[in-house]
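Working notes, structure below.
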Amino acid sequence: MSYVQNTDRDRNEMLEAIGVSSLDELLEPIDESLRVHGLLDLGPPMSEAAVVSRCTELARRNRPAGVAVGFLGGGIYDRFIPAVVRYVLSRSEFYTSYTPYQAEVSQGTLQAIYEYQSMISRLTGMDAANASLYDGATSLAEAMLMACGIKRKGRILVPRALSQRIRMVLESYAAGKRIAVEEVPFSDDGTLDAASLAKRIDQETAAVVLAQPNYFGIIEPAGEIAALVHERGAMLIAYVDPISLGIIAPPGEYDADIVVGEGQPLGNAMNFGGPLLGFMATKKDYIRKCPGRLISATVDRDGRRGYVMTLQTREQHIRREKATSNICTNEGLCAVAAAVYLAALGDTGFRELALQCAAKSRTLYRMLKETRGCSLAFGENFFQEFVVNITSPLGTFLAEAKSRGILAGIPLGNDFPELGEGALLVAVTERRTRVELERYRDVVRQAGGES
Amino acid sequence: MSYVQNTDRDRNEMLEAIGVSSLDELLEPIDESLRVHGLLDLGPPMSEAAVVSRCTELARRNRPAGVAVGFLGGGIYDRFIPAVVRYVLSRSEFYTSYTPYQAEVSQGTLQAIYEYQSMISRLTGMDAANASLYDGATSLAEAMLMACGIKRKGRILVPRALSQRIRMVLESYAAGKRIAVEEVPFSDDGTLDAASLAKRIDQETAAVVLAQPNYFGIIEPAGEIAALVHERGAMLIAYVDPISLGIIAPPGEYDADIVVGEGQPLGNAMNFGGPLLGFMATKKDYIRKCPGRLISATVDRDGRRGYVMTLQTREQHIRREKATSNICTNEGLCAVAAAVYLAALGDTGFRELALQCAAKSRTLYRMLKETRGCSLAFGENFFQEFVVNITSPLGTFLAEAKSRGILAGIPLGNDFPELGEGALLVAVTERRTRVELERYRDVVRQAGGES
Amino acid sequence: MSTTIFEKGRDGRSGSFIPRNDCPLDDLDIPERRTLPLDLPCVAEQAIVRHYVELASKNYHIDKGMYPLGSCTMKYNPIVNEEIARLDGFAGLHPAQDEEDVQGALELIYELERALSEICGMEAFALQPAAGAHGELTGMMIARDYFRDRGESRTVVIVPDSAHGTNPASVAICGFTPRTIQSNGRGLVDLGALREAVGGETAVLMLTLPNTLGLFERDIAAVIEIVHDAGALVYMDGANMNAMLGIVRPGTIGVDIMHVNLHKTFSTPHGGGGPGSGPVGVREALVDFLPVPRIVKKGGRYTLSHESEKSIGRVHPYFGNFNVFVKAFAYISSLGAAGLREVSENAILNANYLLAKIAKHYDITYSGPCMHEFVASGRNLKKYGVKTTDVAKRLLDYGLHAPTIYFPLIVEEALMIEPVETERKGDLDHFAGVMARIAEEARENPDLLHDAPHDTPVRRLDEAAAARSPDLCWPIELE
Amino acid sequence: MSTTIFEKGRDGRSGSFIPRNDCPLDDLDIPERRTLPLDLPCVAEQAIVRHYVELASKNYHIDKGMYPLGSCTMKYNPIVNEEIARLDGFAGLHPAQDEEDVQGALELIYELERALSEICGMEAFALQPAAGAHGELTGMMIARDYFRDRGESRTVVIVPDSAHGTNPASVAICGFTPRTIQSNGRGLVDLGALREAVGGETAVLMLTLPNTLGLFERDIAAVIEIVHDAGALVYMDGANMNAMLGIVRPGTIGVDIMHVNLHKTFSTPHGGGGPGSGPVGVREALVDFLPVPRIVKKGGRYTLSHESEKSIGRVHPYFGNFNVFVKAFAYISSLGAAGLREVSENAILNANYLLAKIAKHYDITYSGPCMHEFVASGRNLKKYGVKTTDVAKRLLDYGLHAPTIYFPLIVEEALMIEPVETERKGDLDHFAGVMARIAEEARENPDLLHDAPHDTPVRRLDEAAAARSPDLCWPIELE
Ligand SMILES: Cc1ncc(COP(=O)(O)O)c(C=O)c1O
Ligand SMILES: Cc1ncc(COP(=O)(O)O)c(C=O)c1O
């Protein structure tokens, strides 16, 4: 394929208009010695037909959600995405447009993002949300930088029960500003160890991160933790699962200062983990400290409502090294997907969805509770994900499950040895059916020697 | 799912505004005894998720072109359709619009169809084309009715080497107007038997149908046949494969009177045989006798170019029983697909494509010629499709081919016993690769006892 | 005014999507080579995309707004059905594949046929017809062969004057003679006129139900009886089935043959003029006359049956518009029995509500309650020199689509309005408000209407000029 | 002005796509229940569709027309790549799946990394960064850990004054101190200033090549030598790589670390602000510092390697923006080596051609030849009281998009114009024609420009009011 439109004739006319006799003359600023001679080692052009074959063949060598019954979660979830989301996203007006630098011809994107912000504010119960960040992990890192900036302190406490992937991203970001990231253990019931937390918050602590639910799926007693944190003068950063907010108290209810999270579950396909959607919401007072774009309503010169990017003096293209963040391109289209998804769910649908996840995950939990071959790490105080301990060798169990079409969960043994070798993080979304849950139970039962 | 938007409250308000107390009151004109009591036996509503599962499961129980290597043709071809065609067709402005009754807000569809007409005129070399008919078969039937109307005669000659499916449609249409459809045999080399044709054209013959290429893929000596037909005062209806027109003389070159054909190969997916795209082109003199819609350029009140449906006095909604045809809804979107496809191919691409089909089919033909296990019915005077005779039992051969991922062709034995039990119609489009042709050859070779 | 694709370039770079040719091109020895130039446009992909995006922006469509076209049932086209129909397991099937390779497709067709039969109370449906008119023709062929089979010579088909133009046209193509009967003062079949028209040569009464005035034939039982008593058949044009889903089953009340339009009642998109699908259903006595092949289920397997000596043969080379079936099947499955009834109830509710609002500003000849649509008349505006066309064109200026106009022919200055069930009360209020405003404009500033539309991509187009000397093809450049 | 989705309905019928619940809902015992109302919109699917279709109609986009935004490389986004990326075999993968279940995905990432390395002449690429700025930050982390590993304390990163804002911002977030150096009169790095600035505390020179004026640093060899001689590293912001594909390989000329933007150079769509992807490439000495995991190929199998003690760790929880990789991979595969070179040649040709035309009406500070873009200045219009913003807004009236304005900061009233390779000569002629006309309007009727835009969905918006009291959230109704 070639997407270049100029023909040989066009090129000749253009060279003439420029006043050079060959393209080479235009390359004059590049010293001969610096240039590539000959072609790159990349193979010849391919027809569209050939590219489609090649890529389809690669796609076939994977085992996607449509084929396997997945119980994998850990932040990324296999949810049912209604066709209307893809419809909106496949409109070229949305997907091929640039950042809305010329607001007057970008009202579609601007209003869509404004509505997204408004929805995130509603979900989280916060005053305002930004237009998106890369993903949940870097959003948490940005929240950390923001809190340390506001507090002018350099220490942050994170729960042990946090995804180690997120933790690693946090550490990379912390290293630059020499922020100390310290861990708070979890207690026997899987919740944050409040006593330990209370002890660890010191003068230098800018903020405490609360993961709600935490990495093990457990719902934390957020109100208590928030009170404890605020009493000791630190800020509370809540890292939340957006779907859980359909039934679980939003950070606005327990007075969190900054809220971040991974927005993939809001209408975005899993896509092997990217693009994701980092969301951030905060209190009114902190808006000017917030990273990323913000869309505001305003009026045009005829007094009609319209939308613009605002508070740009926070951003890198104006403030440069003093910007609140270096972010420029973010995840605009994923934010639009989230908005369409939430609109399609609606108020009641959103609650129903969250409830359904809670119900289905509890059904599996209770089935497993009565099954030999496994034990359950914690109680029922989870949202849609829980930790199960497989008694038999985990590798064999996972292979057996897969042979029955089931991706049984994410092994936790490496990252959390304290949970045991057989620990598995099991997520149950609304896509799973009772029959599939029973099949899961049967695999465990068999592995446990029952039949 | 429900796509009804009114809420209970809306309904109540509306009933009140109408002045009735229940919906039942509005059903008053329908006698109680005529009404359905209770629900139809159709099962409960399904969620979008459930419908997707159900339909995906049905789709999985088929073996589509993406999975099997197809050599099936006979009028419907597995061609590579570039993504740009689907892009245009998936724009709701095209696919969800109605027939362009209000021309001022339908210029998109109208211009697209005008351009389609212009392209069909070019392909066929005729003065004008209509906006589409249902499919090639009914187009031929319409051409028959049109010719019989123009000539005021009731007899029509068709080649023996015509798809029997098309023939059957033709007969259904002929029966109403009591038109006699008679057959002209093919000679040993697969072409129309000219001597026989000459004998059969009589005073009552309105038209002769020329299939170019014919059902066996053979390219007819169209010029000679046309001369013969015209000398005897009959009209010539050419039924052509549109792709062949990239390299084969178009009906305009041999003075055909009406040209029809199946437009599916022009950018439309096979879709298990529907929707198809009937195209029709004719000479200037016959335009007012032509069935179906015609789009014309015109000017608006400010003198700007625009497009309208024209010569509507030919059509059923004005002329009623005297209309040239009963057609109303046709295949508008398929015509747009054809236009986009042809634009994407362009002049050179279109020729290249036709040439490639000729080259690839000849390559297989020549391979088979040197292979034991089969014989070839006719010579190399074909476009992209030819008849091969499998020596071994056909059922076994086809099953063996399928086990190697190949759909080897359409058996002709039933419809054309004179070709022998092992006769197979083999189509080779541009999608087939040399490697696939070799695989085909190997299957034949094996069946023939070679190895 | 958009330049044509031909003007966008005849010398551009196109066609690079074609697979690479890996076979020899020399020595092809192809007879009858083309000498005529092709003169297709030659433009790169981006130019094509921009061209069609530009054209798209000049179309009204259901995703933009309401389409109150009477008799057209322009309802919301569910997106998920489009996605499903595009699955390779459906779109990528060749129609000549072995039965064993297309079991899913055959099951879908079979199930759709069963569902339509249940909905309509018919014994069986044939899905070959590619649109409503094609279904009518097929139905006429069935009637013709039925009487031929019985050795009866019946040549006349009675068609009410309110019928859609395809009805008499289909009748004529099938070799029958259409005979028109006039409606009575209430817009319904005149039983007296019917009795008079019916006789030994009557083959069929072709009836639209609800009729094109949006009225249910109150005397339908009597109508059917009269026809049956004369030994003739009742054909129902089911284009208006959207009014009766789960409410009336035509087969149960005595209809012998009917068609439905999947592209209306069952939500498949209209595509700017097709593809559609017009399945034909029949009562038990007529099943043998249906087109072949029929799909039969034998022990969990689906297979094609060609065994029917009485069959009219084929009206389509394959199975009909399968891609449309997939969407209709998904639609019926989604809604289920309860959802379908909800459709018709809301179609009727919306129409009556709109009727009540429109009646304040336009004439209504036939009083309600109407079913899924109603016909208003713009004749009350004639005194201001305003025609229904003017009203229609003015609606475009408000960003709305016009109703069907000048049909049915029996209503002067007809405005045939079908709101459909998928519009919400607020949408109807908006439409009614604009209609009221236009009636006011007609009084106060009729030229505003005469000159309409003002704000559309082009203004009123000269149809007469086009008809006088049609320009059907962009001039060909013969290099 | 479109009503918001919240105004479209708070009481409508939504959410009916959710799978049926087949598990008990009672006795769920969920702690910490939500009490705050949600107040999400509640509207039916059709209303959502119409809402977004209406919003869509208010967006400029590449499928509508040219986007001459300098530094943004808004090129045609091939449709087929979108289709490929949507394949369930890619889109439906969970990132925690076993390696054996995602071999195709891993191969794709591996091959893309190899292709980028070949194109850029780097030893290896890491694909985790989600955008260009993220790549810059990752690059800075690599440099930081590299020096830490060597026991060197270097704290300063030198950044030319023409740099994009993300450059100093990324430097700062990583804990380095940015030091700005001024460009010379030709818009290039001033070797003298550089020599002065470079020292023992210099960690990195961060350079955009070609620079944001669209100029290739003629003295790049000397520049790199100076930096390397001081023991520092050269980081290249590769956002402008579209000028150099198959022409210059940065690694070969001495660049140590660089990023590319797949959402610019490699044609993946920008989505109105993302997602993007900003892979980081390094020379051999720095490979150990790349983020983990790395994908390695062992005997035809692809596997994840976490073994790298020196790695900076993770900058993304998974592999990066995989969906974007798929499109870039398809793009690079389609074009091949010859196609990529053709891209840059035409990007350069188009820019120089447009420069020649624009130079007749606007000031050009730095003379050409330019590479893929150039910077004009509207300062010649100041005498008519016209600002560059006015020119930009007026362009919108002509149905075109404006260039990047007021950047780079070192050019007064800057108009940064990048035509890209996928526009054809005719498109450039049209753009240049409109620019000429606007310059004329500025002279003859400056208010036309001050009041622009006139023909856009909204007119000029009050940004100051928004900044004073931002309205970031549609008011919540607490029932
Ligand atoms: C009442 C009626 N009958 C028949 C038809 C013809 O259907 P089709 O356009 O699908 O051929 C229509 C379509 O407009 C109609 O409204
Ligand atoms: C020169 C240059 N550097 C860096 C960036 C930042 O890239 P991104 O927006 O992907 O973070 C840009 C994007 O605008 C750019 O033009």
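Numbers restart at 1 for each chain; the letters A, B, ... are given by sequence-line order, proteins then strands.
Heavy atoms closer than 4.5 Å to chain B are found nowhere in C/Met140, neither backbone nor side chain. Of the atoms belonging to C/Pro453, it is side-chain heavy atoms, and not backbone ones, that fall under 4.5 Å from chain B. Using a 4.5 Å cut-off between heavy atoms, C/His401 touches chain B through its side chain atoms alone. Contact of C/Tyr67 with chain B is made through the side chain alone, with heavy-atom distances under 4.5 Å. Contacts of C/Ile84 with chain B are made by side-chain atoms alone, with heavy-atom separations under 4.5 Å and no backbone atom involved. With a 4.5 angstrom heavy-atom cutoff, C/Leu87 touches chain B only via side-chain atoms. Within the 4.5 angstrom heavy-atom criterion, only side-chain atoms of C/Tyr76, from C-beta onward, approach chain B. Only the side chain of C/Ile220 has a heavy atom closer than 4.5 Å to any heavy atom of chain B. Of the atoms belonging to C/Glu82, it is side-chain heavy atoms, and not backbone ones, that fall under 4.5 Å from chain B. Neither the backbone nor the side chain of C/Val326 comes within less than 4.5 Å of any heavy atom in chain B. Of the atoms belonging to C/Ile5, heavy atoms from both backbone and side chain fall under 4.5 Å from chain B.
The residue among B/Met1, B/Gln107, B/Gln356 with the most heavy atom pairs within less than 4.5 Å of chain C is B/Gln356. For the options B/Val20, B/Asp78, B/Val308, B/Val336, heavy-atom pairs under 4.5 Å to chain C are most numerous at B/Val308. Ranked by heavy-atom pairs under 4.5 Å with chain C, the first of B/Leu58, B/Ile295, B/Val84 is B/Leu58. Of the residues considered (B/Glu430, B/Glu380, B/Arg431), B/Glu430 shows the highest number of contacts with chain C, using heavy-atom pairs under 4.5 Å. The candidate with the highest count of non-hydrogen atom pairs below 4.5 Å against chain C, out of B/Leu23, B/Leu353, B/Ile410, is B/Leu23. Ranking B/Asp31, B/Leu407, B/Leu355 against chain C, the residue ahead of the rest is B/Leu355, based on heavy-atom pairs under 4.5 Å.
The residues C/Arg459 and B/Glu104 are annotated as not salt-bridged, no charged nitrogen and carboxylate oxygen being separated by less than 4.0 angstrom. A salt bridge links C/Arg249 with C/Glu118: at least one charged nitrogen is closer than 4.0 Å to a carboxylate oxygen. At a threshold of 4.0 Å, the pair C/Glu421-B/Arg11 does not count as salt-bridged, since none of the basic side-chain nitrogens sits closer than that to a carboxylate oxygen.
Looking only at side-chain heavy atoms (C-beta outward), C/Asn321 and B/Glu331 come within less than 4.5 Å of each other.
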Test ring-ring contact (aromatic ring centres under 6.0 Å, His included) on B/Tyr95 and C/His270; report intermediate values, then the result.
CA-CA 6 Å; B/Tyr95 84 84; C/His270 198 271; over 10 Å; no
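A donor-acceptor contact closer than 3.5 angstrom links the side chains of C/Lys393 and B/Gln102.
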